[in-house]
Amino acid sequence: MKIKYELISQDKKARRGLLHTNHGTVETPMFMPVGTLANVKMLTPEEIKEVGSGVILSNTYHLWLRPDEDVVAKAGGLHKFMNYDGPILTDSGGFQVFSLAKNKKKDITEEGVHFKSHIDGKSLFLTPELSMEIQNKLDSDIAMSFDECIPYPATYEYTKESTERTLRWAKRGKDSFNNPNQSLFGIVQGGAYPKLRKYSAEKTVEMDFDGYSIGGTSVGEDKKTMYEMVDNAIKYLPEDKPRYLMGVGEPEDLLEGVERGVDMFDCVLPTRLARHANAFTPYGKINLKNAKYKEDFTPISDTCDCYTCKHYTKAYLRHLFVAKEGLGGRLLSIHNIRFLIKMTEDMRNAISEGNFIEYKEQFLEKYKN
RNA sequence: GCGUUGUUGGUGAAGUGGUUAACACAUCGGAUUGUGGUUCCGACAUGCGUGGGUUCGAUUCCCACACAGCGCC
């Protein structure tokens with residue numbers, strides 16, 4: 001069955017809802033941890049669940065290369081393969097158009113995109129049809145359309161050309177899509193041009209997807225520009241479908257996104273930062289490797305309810321990072337993901353109580369310091 | 001005692017008669033937004049064992065001394 005979005009309550013544009021999937025019902029706004037290679041780096045499925053995660057994200061491009069989608073299909077699909085029974089969303093490989101296609105003009109064609117494998121340098125060619133075929137086999141709950149994530153800055157001409165091509169790719173992908181148990185999201189592009197965002201959103205919505213995402217953000221633009229991109233896309237999206245802001249983000253971005261009506265976020269930030277000893281706290285990010293934590297025997301945050309904060313001190317975590325012990329990254333991944341997910345829980349409650357803006361301002365007042 | 005080799009930052013070490021003494025590790029910071037697990041970027045010797053000398057100029061050449069290794073009585 002396809003996913004179904006159910007709106008529960010609304011506070012201005014901020015929305016609280018439920019997402020019904022084949023692998024359970026989850027609440028929105030939600031933050032989705034990224035598990036590119038069929039695992040959220042360093043964490044077991046039990047730990048992912050314990051942290052309150054709704055959906056996790058995995059990646060078509062990476063699983064295509066290794067182990068390859070047929071292996072996953074033989075295992076019985078992505079859920080069985082990785083032993084995760086919650087909802088999974090797969091990114092289409094569109095972001096790799098941004099990060100791996102070196103020569104945009106030459107590598108990106110109407111038919112598809114030429115890549116060099118980041119593993120062995122082999123030449124690869126990914127098309128909308130192939131991305132759908134791989135995702136159909138992976139059998140995630142939500143598949144993403146194959147798009148081009150446009151760099152920033154980009155000229156109006158290039159953005160227009162690319163945005164139109166992404167629309168044609170979306171249509172081709174949808175036409176070849178072949179898995180009745182899987183949902184498919186369309187992706188709004190249009191770069192930083194309001195006119196193109198509107199065009200992309202309206203044309204994408206016409207194709208009638210199961211959900212819509214806003215792509216092409218967090219690619220180097222300033223925050224003001226990013227929030228404008230969201231504003232200029234989201235007003236054309238239907239109320240009865242989930243909205244997903246791709247690749248975002250930082251705590252302040254979640255607040256700004258939810259305020260504008262975003263339901264879903266994903267970001268590598270909590271896990272990547274964790275591997276490099278950076279921790280989210282209510283008072284901003286801290287670097288646990290700093291010498292000042294050498295004898296700090298308090299938790300990262302005394303108001304955090306995560307496993308790590310309940311059992312370990314900053315001094316111990318610092319020791320693990322300085323000694324390059326993997327447990328540090330693991331414990332901090334738990335904390336950082338929990339931090340963002342707890343934020344979404346608090347935001348949901350604030351929406352229900354009609355005081356989202358107050359929550360946001362209180363949060364930011366502390367966090368900015 | 002004689003001969004010989006060596007003495008460069010917290011560590012291992014390059015190097016040159018002439019503007020800022022290489023590099024690595026350690027240390028100390030910073031970055032990270034549809035993954036970079038081992039990543040990226042900064043800072044870090046006012047000084048080359050000590051004291052003299054030669055020279056316009058010495059960490060580099062010379063002498064003495066100190067210390068360390070090796071060899072010989």
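Side-chain atoms are counted along with the backbone in the values below, which use heavy atoms only and exclude waters and symmetry mates. In what follows, chains carry the letters A, B, and so on, assigned in the order in which the sequence lines appear, proteins first and then strands, with residues in each chain numbered from 1.
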Engineer: Please state the P separation for the pair B:A26 and B:U39 - nearest whole angstrom.
Structural biologist: 11 Å
Engineer: Using the C1' atom as the point on both nucleotides, what is the distance between B:G49 and B:U8, in whole Å?
Structural biologist: 10 Å
Engineer: A:His276 NE2 to B:G37 C1': how many Å, rounded?
Structural biologist: 7 Å
Engineer: Each nucleotide N or O in nucleotides 24-28 of chain B that has a protein N or O under 3.5 Å away: list the pair and distance.
Structural biologist:
from	atom 1	to	atom 2	distance (Å)
B:C28	OP1	A:Arg318	NH2	2.7

Engineer: Once you round it to whole Å, what is the distance between C1' of B:G30 and CZ of A:Phe321?
Structural biologist: 16 Å
Engineer: Give the C-alpha distance, both sets of side-chain angles, the deciding distance and a yes or no for ring-ring contact (aromatic ring centres under 6.0 Å, His included) between A:His79 and A:Tyr84.
Structural biologist: CA-CA 5 Å; A:His79 297 83; A:Tyr84 185 73; 7.2 Å; no
Engineer: In chain order, what residues pass the side chain to side chain donor-acceptor pair (under 3.5 Å) check against A:Glu157, with sequence neighbours excluded?
Structural biologist: none
Engineer: Determine which pairs satisfy ring pair (Phe, Tyr, Trp, His ring centres under 6.0 Å) with at least one residue from residues 184-221 of chain A, sequence neighbours left out, and list them in order.
Structural biologist: A:Tyr156-A:Tyr193
Engineer: Show the atom names and distances, to 0.1 Å, of all donor-acceptor pairs under 3.5 Å that link a side chain in residues 62-72 of chain A to residues at least two apart or in another chain.
Structural biologist:
from	atom 1	to	atom 2	distance (Å)
A:Asp68	OD1	A:Asp70	N	2.7
A:Asp68	OD1	A:Val71	N	3.3
A:Asp70	OD1	A:Lys137	NZ	3.0

Engineer: Under 3.5 Å for both distances, Watson-Crick or G-U wobble, that's the pair rule; now give the dot-bracket for RNA chain B, with | marking pairs to another strand and [ ] for crossing ones.
Structural biologist: (((((((..(((.....[....))).(((((.......))))).....(((((..]....)))))))))))).
Engineer: Give me each pair satisfying salt bridge (charged side-chain N to carboxylate O under 4.0 Å, His left out) with a member in residues 30-58 of chain A, each pair once, sequence neighbours excluded.
Structural biologist: A:Glu47-A:Arg330, A:Lys49-A:Asp85
Engineer: Who passes side chain to side chain donor-acceptor pair (under 3.5 Å) against A:Asp253, sequence neighbours left out?
Structural biologist: A:Lys223, A:Tyr227
Engineer: What residues form a side chain to side chain donor-acceptor pair (under 3.5 Å) with A:Lys116, not counting sequence neighbours?
Structural biologist: A:Ser123
Engineer: For residues 247-274 of chain A, which residues have at least one heavy atom under 4.0 Å from RNA chain B?
Structural biologist: A:Gly247, A:Val248, A:Gly249, A:Glu250, A:Asp253, A:Asp266, A:Cys267, A:Val268, A:Leu269, A:Thr271, A:Arg272, A:Leu273
Engineer: Given a cutoff of under 4.5 Å between side-chain heavy atoms of I, L, V, M, F, W and Y, with clusters grown through shared members, what are the other residues clustered with A:Val322?
Structural biologist: none
Engineer: For B:G10, does the O4'-C1'-N9-C4 or O4'-C1'-N1-C2 angle fall within 90° of 0, making it syn, or is it anti?
Structural biologist: anti
Engineer: In whole Å, I'd like the distance from the CG atom of A:Leu37 to the P atom of B:U38.
Structural biologist: 14 Å
Engineer: Taking only residues two or more places apart in sequence or in another chain, which ones pass side chain to side chain donor-acceptor pair (under 3.5 Å) with A:Lys360?
Structural biologist: A:Glu256, A:Glu259
Engineer: Apply salt bridge (Lys or Arg N to Asp or Glu O under 4.0 Å) to A:Glu228 and list each qualifying residue two or more places apart in sequence or on a separate chain.
Structural biologist: A:Lys224
Engineer: When we call it a touch if two heavy atoms are under 4.0 Å apart, what does A:Asn278 touch: a base, just sugar-phosphate, or nothing?
Structural biologist: base
Engineer: Find the distance A:Arg66:CZ to B:G37:P and express it as a whole number of Å.
Structural biologist: 11 Å
Engineer: Under a 3.5 Å cutoff, is there a donor and acceptor pairing between the side chains of A:Gln189 and A:Thr166?
Structural biologist: no
